[in-house]
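All heavy atoms count here, side chains included; hydrogens, waters and symmetry mates do not. Numbers restart at 1 for each chain; the letters A, B, ... are given by sequence-line order, proteins then strands. All values reported here derive from a predicted model rather than from experimental measurement.
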2 protein chains.
Amino acid sequence: MTTEPETEPKTTEPGTGYRLPLLLLAGFRELIEALHLELGARGHPDLRPAHGFALQAIGGAGGGLAAADLATRLGVTKQAAGKTLETLAGLGYISLTVDPSDARRRTATLTARGRAALSHSAAIFDRLGAQWADRVGEQAVAALERTLAELTGPVTLRTDSASWLGGQ
Amino acid sequence: MTTEPETEPKTTEPGTGYRLPLLLLAGFRELIEALHLELGARGHPDLRPAHGFALQAIGGAGGGLAAADLATRLGVTKQAAGKTLETLAGLGYISLTVDPSDARRRTATLTARGRAALSHSAAIFDRLGAQWADRVGEQAVAALERTLAELTGPVTLRTDSASWLGGQ
DNA sequence: CCATATAGACAACCTGGTTGTCTATATGGT
DNA sequence: ACCATATAGACAACCAGGTTGTCTATATGG
């Protein structure tokens with residue numbers, strides 16, 4: 001299809017297909033590691049990537065989020081979501097209050113610290129993206145994002161990554 | 001969905017930096033899930049992503065690989081690498097033999113089944129890459145790969161992903 | 001020939017998932 | 001109003017795949 005000169009590496013060249021997933025993973029982990037390095041230096045050393053996903057989900061929800069809702073958003077069981085909420089509450093990133101309209105639900109809302117962590121994260125991600133743009137050009141990063149968005153559909157927060165990478 | 005008719009979409013637009021890591025992860029997991037779905041259907045249902053990384057490392061090594069070598073390549077402790085080898089041997093993908101030149105070492109070599117799994121994987125990855133190329137154009141996928149390669153450096157097989165995603 | 005390094009087994013532990021079971025609360029049909 | 005059913009989430013047991021720490025056996029080099 002491409003009539004470009006042979007400077008273009010062929011992605012469909014047989015036997016090289018394994019590189020793409022590794023590159024995607026490498027890019028992801030580079031960003032995430034840089035984020036948490038920076039977050040650690042900024043007073044959030046105990047925040048783990050999984051926590052970030054959960055915080056994002058909680059912050060993204062309008063009011064507050066209960067364990068079952070979080071479970072749905074993250075793609076894990078409600079027990080797992082409940083543990084995560086417990087941890088985040090223990091670290092001071094969220095507060096858990098009983099839903100006045102439903103005594104079974106404990107809704108999670110971000111604390112000031114939680115909001116600070118989220119806004120720090122956003123700023124850091126922006127900066128990391130800008131650094132990438134500096135290195136390979138803004139267009140290349142924009143194309144990267146555009147292509148991936150087209151291929152993977154709407155962004156999701158599924159966090160069962162750890163489990164499907166490893167067990168079961 | 002461009003909010004502005006600019007020729008150059010801004011990746012550095014504030015507050016959108018979080019999308020890039022999510023897209024990278026989504027792309028990775030899409031490929032890996034598709035791979036293991038297909039591998040499962042082709043007679044390798046018990047092969048996990050982590051196993052694939054290890055098999056790749058073992059197959060990529062010239063002769064055989066011992067636990068300590070695998071540990072180095074995967075970026076995990078030798079105990080973890082040893083467990084992985086034990087599992088892979090139990091599943092019939094590798095055979096472990098005592099190194100004749102060093103009685104301490106148990107070197108892992110691929111069995112026929114292991115080689116089959118690797119070549120299936122390679123074929124499937126190639127096909128998945130071709131499918132992506134069909135969807136967004138070969139140039140876009142090539143650009144994706146080129147940009148990521150430039151940003152992340154040489155491809156690595158580090159498999160401690162599960163752990164840095166979650167614990168530690 | 002011994003001092004030191006290395007391979008890897010074993011055990012205890014941690015994290016973050018899982019399933020299964022249980023109680024408390026909501027909710028809707030009769 | 002009442003009961004059947006569904007739902008929220010706690011609790012416990014378990015599992016996978018890492019970790020650290022310790023131990024033994026084997027190599028290796030001064």
[N] - base-pair partner by Watson-Crick or wobble geometry, distances under 3.5 Å:
N      : value
C:dG17 : D:dC14
C:dG29 : D:dC2
C:dA3  : D:dT28

Quiz prompt | B:S95 and B:T109: side chain donor to acceptor below 3.5 Å | solution = yes
Quiz item: For the side chain of A:Q79 and the base of C:dG20, is some donor closer than 3.5 Å to an acceptor across the two?
Solution: yes
Quiz item: Do B:R19 and A:E145 pass the salt bridge (Lys or Arg N to Asp or Glu O under 4.0 Å) test, and can you show the C-alpha distance, the side-chain angles, and the key distance before you say yes or no?
Solution: CA-CA 8 Å; B:R19 269 185 310 176; A:E145 190 162 329; 3.1 Å; yes
Quiz item: Taking it one step at a time, do A:E38 and A:L35 satisfy side-chain contact (heavy atoms from CB on, under 4.5 Å)?
Solution: CA-CA 5 Å; A:E38 182 76 16; A:L35 169 73; 5.9 Å; no
Quiz item: Within the structure shown, what part of the strands sits under 4.0 Å from A:T84 by heavy-atom distance: base, sugar-phosphate, or nothing?
Solution: sugar-phosphate
Self-check item: Sugar-phosphate only, base, or nothing, as touched by B:A103 at under 4.0 Å among non-hydrogen atoms
Solution: sugar-phosphate
In this structure, how many angstroms lie between the [atom2] atom of [N] and the [atom1] atom of [X], rounded?
X      : N      : atom1 : atom2 : value
B:D69  : C:dA7  : CG    : P     : 7 Å
A:R106 : C:dT25 : CZ    : P     : 14 Å
A:F53  : C:dG17 : CZ    : C1'   : 15 Å
A:R48  : D:dT19 : CZ    : P     : 13 Å
A:E86  : C:dG17 : CD    : P     : 14 Å

According to a strict under-4.0 Å criterion, is [X] in side-chain N/O contact with OP1 or OP2 of [N]?
X      : N      : answer
B:T77  : D:dG18 : no
B:R105 : D:dA27 : no
B:R104 : C:dG8  : no

Exercise. List the steps and the verdict of salt bridge (Lys or Arg N to Asp or Glu O under 4.0 Å) for A:E33 and A:R48.
Key: CA-CA 10 Å; A:E33 282 175 357; A:R48 307 270 75 227; over 6 Å; no
Exercise. Take the angle between the ring planes of A:H44 and A:Y93 and call it parallel below 30°, perpendicular above 60°, tilted in between.
Key: tilted
Self-check item: Closest-nucleotide ordering on DNA chain C, the 5'-leading residue of B:K83 and A:K83
Solution: B:K83
